[in-house]
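Working notes, structure below.
From a predicted model like this one, the values you see are computed outputs, not experimental measurements. Chain identifiers are assigned alphabetically (A, B, ...) following the order of the sequence lines, protein sequences preceding nucleic acid strands; residue numbering begins at 1 within each chain.
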Number of protein chains: 2
Amino acid sequence: MSDQMTSLTKNQEMVLGALSHAKAPMSAYAILDELRSEGFRAPPQVYRALEKLVAGGLVHRLESLNAFVACSHEDCHTSGLIAFAICEQCGLVSEFSDQAVSTRLTHWIADHKFTNTKTTIEIRGDCGTCSVAG
Amino acid sequence: MSDQMTSLTKNQEMVLGALSHAKAPMSAYAILDELRSEGFRAPPQVYRALEKLVAGGLVHRLESLNAFVACSHEDCHTSGLIAFAICEQCGLVSEFSDQAVSTRLTHWIADHKFTNTKTTIEIRGDCGTCSVAG
DNA sequence: GCCGATATGTTATAGTATAACATACTATCT
DNA sequence: AGATAGTATGTTATACTATAACATATCGGC
């Protein structure tokens with residue numbers, strides 16, 4: 001289960017499938033409900049699959065939402081830090097990375113002798129389409 | 001309840017007091033337990049106070065932890081975006097802001113016609129002291 | 001076939017957050 | 001003082017999120 005996940009288990013496939021078809025982030029329980037018809041019965045089945053998928057970079061957890069999205073970033077694995085812009089109206093999640101932001105944060109971390117394990121950047125608001133729609 | 005909160009209610013005072021004396025972020029339920037001896041009985045009492053304190057900028061919510069800290073930033077209200085570095089060993093939370101990071105994210109937001117309401121930046125890891133201690 | 005490692009199934013429970021409704025306090029106006 | 005409107009508080013119940021713990025099954029190498 002390193003950077004590139006080679007093969008997925010049945011449950012991981014199903015969870016990733018549910019997230020891939022979703023138009024907005026899904027909570028673990030929303031995934032569970034969707035997969036009940038395929039045999040899922042309990043939260044740990046979902047959470048265990050999510051854990052592996054997140055570790056493998058195929059799924060991201062949105063901390064400010066307690067929800068999950070399939071990765072949509074071109075080359076998620078090679079670029080640095082990833083930021084998310086999340087539309088609170090339609091659920092659209094835009095994934096992006098910015099070299100300058102990564103650099104600055106990395107410098108702050110180094111300057112403060114901090115050992116970084118994970119960094120979260122999440123912008124909440126309304127996307128262009130929804131802003132216009134008001 | 002604008003930027004500068006003028007006066008705090010009794011419950012807000014108590015919740016802020018608990019957070020101010022804490023050495024690490026506290027969950028709402030940890031605050032509740034600490035304030036039971038002072039008459040608190042139920043979660044809404046804590047959550048309602050937190051809501052106002054967060055809106056007033058006196059307390060920050062750490063999304064990746066589902067926990068809260070008293071604001072420790074010099075001038076939290078005038079500076080831009082705030083980032084948090086959170087030590088997973090000792091719970092130390094360092095609040096900082098970086099002009100370049102703010103600028104870059106603000107530009108991304110404007111370029112994408114996004115209407116920003118709130119941005120979260122949280123770095124998880126070990127602080128200098130704890131990294132050395134291993 | 002045996003064995004270890006991993007994946008899965010299942011039950012129960014812990015931890016986080018809010019809805020809904022009742023009561024009380026505070027300030028202002030008359 | 002009494003009426004009233006707005007805010008704050010108290011309380012019960014419930015919804016939502018996440019994991020512990022244990023049982024069973026599946027896969028791969030020996």
Task: Nucleotide C:dA7, atom C1' - distance to CG of A:L53 in whole Å - done: 13 Å
Task: Under 4.0 Å protein heavy-atom contacts per nucleotide of nucleotides 9-26 of chain C, with B for base, S for backbone only and - for none - done: BBB----BBBBB------
Task: Pair B:F84 and B:H60, ring centroids less than 6.0 Å apart - done: yes
Open item on the list: Are more than 12 heavy atoms, taken from residues, nucleotides or ligands other than A:R36, located less than 6.0 Å from that residue's CZ atom?
Closed with: yes
Task: Listed once per pair and sorted, the side chain to side chain donor-acceptor pair (under 3.5 Å) pairs that draw on residues 16-30 of chain A, sequence neighbours left out - done: none
TODO: Could I get the full list of ring-ring contact (aromatic ring centres under 6.0 Å, His included) partners for A:F40, not counting sequence neighbours?
DONE: none
TODO: Could you identify which residues of residues 14-22 of chain A place a heavy atom less than 4.0 Å from some atom of DNA chain C, listed by residue number, or say none?
DONE: none
Open item on the list: So, does A:T9 get its side chain near the phosphate of C:dT6, meaning an N or O under 4.0 Å from OP1 or OP2?
Closed with: no
Task: Value in whole Å for how far the C1' atom of D:dT9 lies from CD of B:E38 - done: 16 Å
Open item on the list: By the ring pair (Phe, Tyr, Trp, His ring centres under 6.0 Å) test, which pairs, at least two apart or in different chains, include something from residues 99-134 of chain A?
Closed with: A:W108-A:H112, A:W108-B:F96
Open item on the list: Is it true that A:E63 and A:T120 share a donor-acceptor pair across their side chains at a distance under 3.5 Å?
Closed with: no
Task: Between D:dT17 (C1') and A:L62 (CG): distance, integer Å - done: 15 Å
TODO: Mind calculating the distance between CG (B:L50) and C1' (D:dA8) to the nearest angstrom?
DONE: 15 Å
TODO: Indicate whether OP1 or OP2 belonging to C:dA7 is found under 4.0 Å from a side-chain N or O atom of A:K52.
DONE: yes
Task: Pairwise side chain to side chain donor-acceptor pair (under 3.5 Å) hits with a residue in residues 121-134 of chain A, at least two apart - done: A:S64-A:E122, A:S64-A:R124, A:E88-A:R124, A:S131-B:T115
- [ ] May I have the distance from B:L8 (atom CG) to D:dT7 (atom P), rounded to whole angstrom?
- [x] 17 Å
Task: Atom pair CG/CZ of A:L50 and A:R48 - distance to nearest 0.5 Å - done: 12.0 Å
